[in-house]
Amino acid sequence: MCSSVVYGSWDLTSGDVMPERTSRCYGQPIGLGSAYVESLTGYIARLAEAHNVSTGTLLTRELLPSIHTESRQGIHAARAFSTAVYELHVVNGVGDCSCNSVQLLQRLTGIPCLEFLTLLTWRRIIANRSLLRNNRAWCPYCYDDWRCSERPIYEPLLWSIHAVSHCPLHRRPLADHCPHCKQMLHPLSAAFRPGHCCRCRGWLGQKSAAFDATKATDAGAVAAAGIGELLSAASNLSEPPSPKCFKQNFQSCIDDPALGSRSAFCRAIGVSFDLVSHCLSANGRIRLDLLVQVCSQFGISPLRFLTEHIPASSLD
């Protein structure tokens, strides 16, 4: 039988004097430097659990008031974060709301690396459009594995990304409806608790039954693994990724003699001519779902496509 959910705790056995508190809140993020790095929305929920308050209480009584400062910048940030309360999926992304949220939480917790719980590393390259899910998605088999092995229950950033449809570990589609009340769930809410439905409080985990691996959807699992590679690499990059690199690689794909023209490329990938033209414009960014399609077509990992110059001769 699986044990109950395990939460982080202090180690009080060393006999050392606990250091003086230097921040209002404390909580270490999970999975930094891995494909399963925690999402910022999930971190907020676990931060509430660590301080024995509801997520709604942490949001309304601590996070929002903390950014009402005397400066104009602070007021602007407060308004931006207030908007995010009603559209909380955006804090995991690449926009200003993500920046403001990360800065706030770093001040409150003293943890300096919270930008890696979002997609901000790829801000200059990946477009905001169609980037994040409007509702929660999760792998019920991961939840069950974690609970049975007494590991913390949390919300990986990978699950919040719209282009991710499958779990790369279990090769199964992500769930997006509670198995008990059949409702879709908000990315973050007042009653949010990792691994549980915010509506009926039911457990979202499920035991993984035997299945025929040959019938599994490999394309979805491969795409998820490629995006997971981007997440794991974010904290290890020596310098911010440059838009120039991906545009050179994108142009090489378009110029592939096997396709013949930009129009032929668009037909092969299944995207509009205007979308491709926008990606290659001076300030253009690439949609993550388009990136996945291009990488699948040419057999290139998304990480290589965004960070390495790929010779045209090496394209499939």
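Values in this document were obtained by computation on a predicted structure and should not be read as measured data.
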With a 3.5 Å cut-off and sequence neighbours excluded, list the donor-acceptor pairs that the side chains of residues 257-276 form with protein atoms.
{"unit_1": "Ser261", "atom_1": "OG", "unit_2": "Ala264", "atom_2": "N", "d": "3.1"}
{"unit_1": "Arg262", "atom_1": "NH1", "unit_2": "Ser277", "atom_2": "OG", "d": "3.2"}
{"unit_1": "Ser272", "atom_1": "OG", "unit_2": "Leu275", "atom_2": "N", "d": "3.1"}

Under the 6.0 Å and 45° cation-pi test, does Arg285 pair with Trp122?
-> no
Do Ser54 and Thr57 have side-chain atoms, one donor and one acceptor, less than 3.5 Å apart?
-> yes
Do we see a donor-acceptor contact under 3.5 Å between the side chains of His170 and Asp145?
-> yes
Output the distance between atom NZ (Lys207) and atom OH (Tyr141), rounded to the nearest 0.5 Å.
-> 12.5 Å
Separation of Ile286 CD1 from Ile125 CD1 (nearest 0.5 Å) = 9.5 Å
Residues forming a side-chain hydrogen bond (donor to acceptor under 3.5 Å, both in side chains) with [X], sequence neighbours excluded:
{"X": "Glu308", "value": "Arg304"}
{"X": "Arg129", "value": "none"}
{"X": "Asp255", "value": "Gln251"}
{"X": "Ser130", "value": "none"}

Output all residues satisfying side chain to side chain contact (heavy atoms under 4.5 Å, CB included) with [X], sequence neighbours left out; order by chain, then residue number.
{"X": "Ala45", "result": "Thr55, Leu188, Phe192, Pro194"}
{"X": "Arg201", "result": "Ala191"}
{"X": "Cys181", "result": "Cys178, Gln183, Cys197, Arg199, Cys200"}

Distance flag, aromatic centroids of Trp138 and Tyr154, threshold under 6.0 Å = no
Can you give the donor-acceptor pairs under 3.5 Å from side chains of residues 227-236 to other protein atoms, not counting sequence neighbours?
{"unit_1": "Ser232", "atom_1": "OG", "unit_2": "Gly228", "atom_2": "O", "d": "3.4"}
{"unit_1": "Ser232", "atom_1": "OG", "unit_2": "Glu229", "atom_2": "O", "d": "3.0"}
{"unit_1": "Asn236", "atom_1": "ND2", "unit_2": "Ser232", "atom_2": "O", "d": "3.3"}

Which residues pass the salt bridge (charged side-chain N to carboxylate O under 4.0 Å, His left out) test with Asp289, sequence neighbours left out?
-> Arg287
Can you list the residues that meet the salt bridge (charged side-chain N to carboxylate O under 4.0 Å, His left out) rule with Arg133, with sequence neighbours excluded?
-> none
Restricting to pairs with a member in residues 119-128, which pass salt bridge (Lys or Arg N to Asp or Glu O under 4.0 Å), not counting sequence neighbours?
-> Asp96-Arg123
